[in-house]
Amino acid sequence: MSSSSADRRAPLGDDKNVIDLALFGALGDLAMRKLFPALYQLDREGLMPQATRIMGLARQSIDAASFREQVAATLKERIKPSEQDEKAIERFLARLDYLALDFTEQSGYAGLRDWRANARHPMVVYLSVGARIYGDICRHLHASGSLDDETRVVVEKPIGYDLESSHEINDAIGAVFPESRIYRIDHYLGKETVQNLIAMRFANPLFGNQWNQNHISYVEITVAEKVGIEGRWGYFDDAGQLRDMVQNHLLQLLCLIAMDPPSNLDADAIRDEKVKVLKALKPFTGEALGRDVVRGQYIAGTSDGKSVPGYLDEEGANTQSQTETFVAMKTEVSNWRWAGVPFYLRTGKRMPEKLSQIVIHFRQQPHYIFDPDQRGIASNKLIIRLQPEEGIALQVLTKDSGLDKGMRLRPGPLHLDFNSAFPKSRIPDAYERLLLEVMKGQQYLFVRRDEVEHAWRWCDQLIEGWKARETPPRRYPAGSWGPVASIAMITQDGRSWYEDY
Ligand SMILES: NC(=O)C1=CN([C@@H]2O[C@H](COP(=O)(O)OP(=O)(O)OC[C@H]3O[C@@H](n4cnc5c(N)ncnc54)[C@H](OP(=O)(O)O)[C@@H]3O)[C@@H](O)[C@H]2O)C=CC1
Ligand SMILES: O=C1O[C@H](COP(=O)(O)O)[C@@H](O)[C@H](O)[C@H]1O
């Protein structure tokens with residue numbers, strides 16, 4: 001199916017987009033917290049064709065009625081009361097069926113094949129389970145005769161633990177599905193402002209012409225989480241913040257900022273440009289690793305005024321763990337556009353706020369004519385806020401008003417807050433957009449195999465360097481912005497993390 005921009009404007013709730021969705025891991029955390037609420041919203045908005053059916057698959061042997069009850073309960077909990085529409089909920093629940101099986105055993109798959117016996121529409125298989133069993137599921141789906149030439153598969157991150165394991169997993173999926181029918185999710189690509197990054201960069205010559213090392217001094221990407229480990233200690237401790245967040249979400253954001261303009265909006269045109277950025281990321285040598293990368297782990301502190309435990313005291317914790325819950329780094333994209341422009345990245349759990357934002361710091365004017373005392377006054381910044389409130393602000397210098405001020409400068413924002421600028425349009429959750437794109441068979445918001453693998457290659461050399469140095473993570477109190485060293489890392493360059501939240 002084509003990914004052209006014209007297709008993206010096709011009517012959405014029409015028959016063309018009918019699918020059967022087979023959701024593996026339907027009773028799990030992601031499905032209940034994110035996927036069912038997103039699917040419900042699509043249905044409520046009239047974007048899910050009437051004939052679309054959803055089969056939940058999981059291990060527990062419950063019947064379809066109690067599965068629907070569990071989904072109804074999660075909708076009640078997760079959807080704003082003003083968006084809980086009785087009729088829409090009823091219609092949505094009626095689409096659901098349930099099949100209990102062990103995903104690693106071939107025998108149960110006959111039930112899925114039978115469900116599809118007279119189906120006229122493509123099936124989308126969504127693997128909301130750990131990546132280690134993606135291969136088993138794909139093999140059994142194939143061997144049981146449940147697939148056809150139109151079946152698409154959606155896989156969650158992280159794909160593997162390093163380059164080698166991601167190769168194995170991608171090979172196993174690729175043995176059954178061609179790349180054109182594999183949808184690798186990175187839910188940050190479904191966020192409203194991330195979409196806007198593409199619009200803003202490539203629709204506005206104002207930015208397009210300034211987007212390089214001649215005009216940009218440095219770039220900051222912060223993805224701060226207020227939550228801790230939330231009962232996922234086992235998974236998280238094997239991964240750490242670098243694998244959990246940097247390998248995927250932060251590198252995808254960096255790619256969208258740094259990539260060259262694609263020749264069109266087709267999936268491969270965009271992905272080709274992203275891959276070039278990943279290939280150009282500067283590896284960390286021994287010396288740079290100590291100077292330009294900070295690993296941290298939270299200790300007890302406060303969150304929203306309440307005491308919270310440290311990472312090593314969380315439920316299920318191994319008290320010797322050296323896993324990082326925070327990473328800050330200075331990296332560079334070694335190409336003509338970005339040579340000499342640092343990209344400062346930081347992400348951590350148990351920070352004071354949930355805040356994801358990108359700040360582009362522009363260079364000062366080459367010749368300065370204003371009050372010498374104000375010479376260091378803030379330069380232009382473009383602040384792209386992903387969450388909590390989506391918006392874009394451009395900080396510009398204007399004249400301070402008042403008769404007694406002379407030609408004094410004042411930094412102030414030109415601000416676009418999406419909620420107040422477009423009050424009638426609800427900002428959809430990332431998963432809504434991504435599920436809709438899968439239904440339409442559009443891949444441009446999904447990650448191609450080579451992107452995942454280049455991102456792993458870069459992270460692997462960093463992790464190898466950490467192992468060789470054996471430096472323990474630096475401690476930071478829960479509720480702070482991370483280890484002091486992460487602040488020193490940027491201040492030693494005469495800069496600071498943008499903190500005008
Ligand atoms: N949760 C999140 O916020 C995020 C999750 N992800 C990714 O999404 C995927 C799902 O994560 P999450 O929902 O948290 O995981 P969970 O462990 O909560 O859910 C997995 C589900 O799959 C079922 N399952 C696992 N193995 C089998 C099996 N062999 N046979 C039958 N059922 C099985 C589980 O059943 P049972 O409980 O009986 O084992 C459970 O219903 C993972 O790849 C994760 O990395 C990505 C981003 C965020
Ligand atoms: O993929 C993941 O993302 C979440 C953060 O997502 P957000 O949309 O809430 O910013 C993170 O908490 C989780 O550890 C990670 O696996």
Side-chain angles (χ1 to χ4, degrees), residues 22-38 56-62 67 70-71 74 78 98-109 111-112 126-137 140 154-161 166 169 173 184-194 221-253 311 323-327 347-351 353-357 385-388 390 427 429-434 447:
L23 177 47
F24 284 74
L27 295 176
D29 177 69
L30 182 72
M32 287 294 167
R33 254 182 344 101
K34 293 283 189 183
L35 302 182
F36 286 116
L57 300 111
R59 196 187 333 248
Q60 276 183 48
S61 66
I62 53 171
F67 174 59
Q70 291 196 38
V71 175
T74 204
R78 305 262 160 209
Y98 181 80
L99 182 63
L101 78 154
D102 181 338
F103 302 157
T104 59
E105 297 286 331
Q106 171 76 58
S107 52
Y109 284 73
L112 184 62
Y126 195 124
L127 304 187
S128 182
V129 296
R132 68 192 177 287
I133 59 170
Y134 290 171
D136 282 346
I137 298 178
H140 294 322
V154 184
V155 290
E156 271 294 340
K157 62 136 283 243
I159 301 199
Y161 180 79
S166 84
I169 295 164
I173 304 169
R184 293 182 190 79
I185 291 250
D186 184 310
H187 74 272
Y188 270 57
L189 294 182
K191 290 185 190 276
E192 182 75 11
T193 320
V194 174
I221 303 178
T222 291
V223 178
E225 300 185 72
K226 192 147 99 178
V227 292
I229 295 309
E230 309 292 289
R232 297 168 75 210
W233 209 91
Y235 153 75
F236 186 85
D237 197 59
D238 275 345
Q241 196 74 353
L242 184 81
R243 292 186 177 93
D244 189 45
M245 296 295 287
V246 178
Q247 189 272 342
N248 33 80
H249 307 321
L250 277 90
L251 288 187
Q252 283 293 326
L253 296 179
Y311 179 69
T323 297
E324 79 286 350
T325 59
F326 174 97
V327 193
T347 177
K349 310 260 187 246
R350 279 282 182 236
M351 319 235 63
E353 316 256 348
K354 181 176 177 75
L355 176 83
S356 301
Q357 73 179 11
R385 171 81 60 89
L386 278 67
Q387 49 195 21
E390 294 86 348
I427 295 182
D429 181 73
Y431 276 99
E432 287 176 47
R433 185 185 311 284
L434 295 174
V447 184

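Both counts, for ligands and for their atoms, begin at 1 and track the order of listing. We count residues from 1, following the sequence as given.
- When side chains are defined from C-beta on, Met32 counts as touching Leu27, because their heavy atoms get closer than 4.5 Å.
- Of the candidates Leu30, Ile137, Val227, Leu30 brings a heavy atom nearest to atom 4 (C) of ligand 1.
- Counting heavy atoms closer than 4.0 Å to ligand 2, residue Lys191 contributes side-chain atoms (C-beta onward) but none from N, CA, C or O.
- Ligand 1 has Lys157 within reach: a non-hydrogen atom of the residue lies less than 4.0 Å from it.
- Separating the CD atom in Glu225 from the CD atom in Glu353 is a distance of 13.5 Å, to the nearest 0.5 Å.
- In terms of protein heavy-atom proximity, atom 22 (O) of ligand 1 is nearest to Gly25 CA, 3.3 Å.
- You'll find the ring centres of Tyr431 and His187 inside the 6.0 Å limit.
- Considering all non-hydrogen atoms of both residues, Leu23 and Ser128 come closest at CD1-CB, 4.1 Å.
- Of the heavy atoms in Tyr188, only side-chain atoms (C-beta onward) come closer than 4.0 Å to ligand 2.
- Nearest protein heavy-atom contact of atom 13 (C) of ligand 2 is Arg232 NH1, 3.3 Å.
- Proximity to Pro158 (heavy-atom distance under 4.0 Å) selects the following atoms of ligand 1: 45 (O).
- Ring-plane geometry between His249 and Tyr188 is classed as parallel, the angle between the planes falling under 30 degrees on a 0 to 90 degree scale with a further cut at 60.
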Q: Run the numbers on Met245 and Lys349 for side chain to side chain contact (heavy atoms under 4.5 Å, CB included), then give the verdict.
A: CA-CA 10 Å; Met245 296 295 287; Lys349 310 260 187 246; 4.3 Å; yes
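- Using modelled atom types, no side-chain atom of Arg78 and backbone atom of Lys34 make a donor-acceptor pair closer than 3.5 Å.
- Nearest non-hydrogen protein atom to atom 47 (C) of ligand 1 is Glu156 OE1, 4.0 Å.
- Counting the atoms of ligand 2 from 1 in the order shown, those under 4.0 Å from a heavy atom of Lys349 are 11 (C), 12 (O), 13 (C), 14 (O).
- Residue Asp244 has at least one nitrogen or oxygen atom sitting less than 3.5 Å from a nitrogen or oxygen atom of ligand 2, judged on distance alone.
- The protein heavy-atom contact nearest to atom 1 (N) of ligand 1 is Asp29 OD2, 2.7 Å.
- Side chains of Phe24 and Leu112 form a contact here, defined as non-hydrogen atoms less than 4.5 Å apart.
- Summarising the geometry of His140 relative to Thr104, their closest heavy-atom pair is NE2-O, 3.1 Å, with the distance given to 0.1 Å.
- Taking atom 41 (O) of ligand 1 as the reference point, the nearest protein heavy-atom neighbour is Gly28 N, 3.3 Å.
- With a 4.5 Å cut-off on side-chain heavy atoms, Val447 and Ile159 do not count as touching.
- The shortest N/O to N/O separation between His187 and ligand 1 does not fall below 3.5 Å.
- Checked against a 3.5 angstrom limit, the closest N/O atoms of Ala58 and ligand 1 fall outside it.
- Nearest non-hydrogen protein atom to atom 6 (O) of ligand 2 is His187 NE2, 3.2 Å.
- Judged by distance alone, the side chains of Gln387 and Ser356 do bring a donor and an acceptor atom under 3.5 Å apart.
- Remark: ligand 1 atoms within the under-4.0 Å shell around heavy atoms of Asp102 are 28 (C), 29 (N), 30 (N).
- At least one heavy atom of Lys157 lies less than 4.0 angstrom from ligand 2.
- When hydrogens are left out, the protein atom nearest atom 4 (C) of ligand 2 is Glu225 OE1, 4.0 Å; that is the closest non-hydrogen contact.
- Close approach to Leu27 involves these atoms of ligand 1, each under 4.0 Å from a residue heavy atom: 41 (O).
- The protein heavy-atom contact nearest to atom 9 (O) of ligand 2 is Lys354 NZ, 2.6 Å.
- Of all atoms in ligand 1, numbered sequentially from 1 with element shown, those under 4.0 Å from a heavy atom of Val129 are 9 (C), 10 (C), 22 (O), 42 (C), 43 (O).
- Heavy-atom minimum distance, Phe236 versus Asp244: CE1-OD2, 3.7 Å.
- A side-chain donor from one of Asp237 and Thr323 sits under 3.5 Å from a side-chain acceptor of the other.
- The nearest pair of heavy atoms linking Gly56 to Ala26 is CA-CB, 3.5 Å.
- Taking only non-hydrogen atoms, the option from Glu230, Lys34, Arg59 nearest to atom 35 (O) of ligand 1 is Arg59.
- The contact set between ligand 1 and Leu101, taken as ligand atoms under 4.0 Å from a residue heavy atom, comprises 30 (N), 31 (C).
- A donor-acceptor contact closer than 3.5 angstrom links the side chains of Thr347 and Gln241.
- For ligand 1, the atoms lying closer than 4.0 Å to a non-hydrogen atom of Arg33 are 1 (N), 2 (C), 3 (O).
- Distances below 4.0 Å separate heavy atoms of Ser128 from the following atoms of ligand 1: 9 (C), 10 (C), 20 (C).
- Looking only at side-chain heavy atoms (C-beta outward), Lys191 and Thr193 stay at 4.5 Å or farther from each other.
- Distance check for atom 13 (O) of ligand 1: a protein heavy atom is found below 4.0 Å.
- Proximity of the aromatic rings of Phe67 and Phe36 is defined here by a centroid distance below 6.0 angstrom, and this criterion is met.
- Between the side chain of Tyr109 and the main chain of Phe103, a donor-acceptor pair closer than 3.5 Å is present.
- The nearest protein atom to atom 24 (N) of ligand 1, hydrogens excluded, is given as Phe103 CE1, 3.8 Å; this is a heavy-atom distance.
- Within the listing of ligand 1, atoms 43 (O) sit less than 4.0 angstrom from a heavy atom of Tyr134.
- For the pair Tyr431 and ligand 1, the shortest N or O to N or O distance does not fall below 3.5 Å.
- Within a 4.0 Å radius of atom 17 (O) of ligand 1, the protein contributes no non-hydrogen atoms.
- For Ile133, no nitrogen or oxygen atom sits less than 3.5 Å from a nitrogen or oxygen atom of ligand 1, counting backbone and side chain alike.
- Distance check for atom 43 (O) of ligand 1: a protein heavy atom is found below 4.0 Å.
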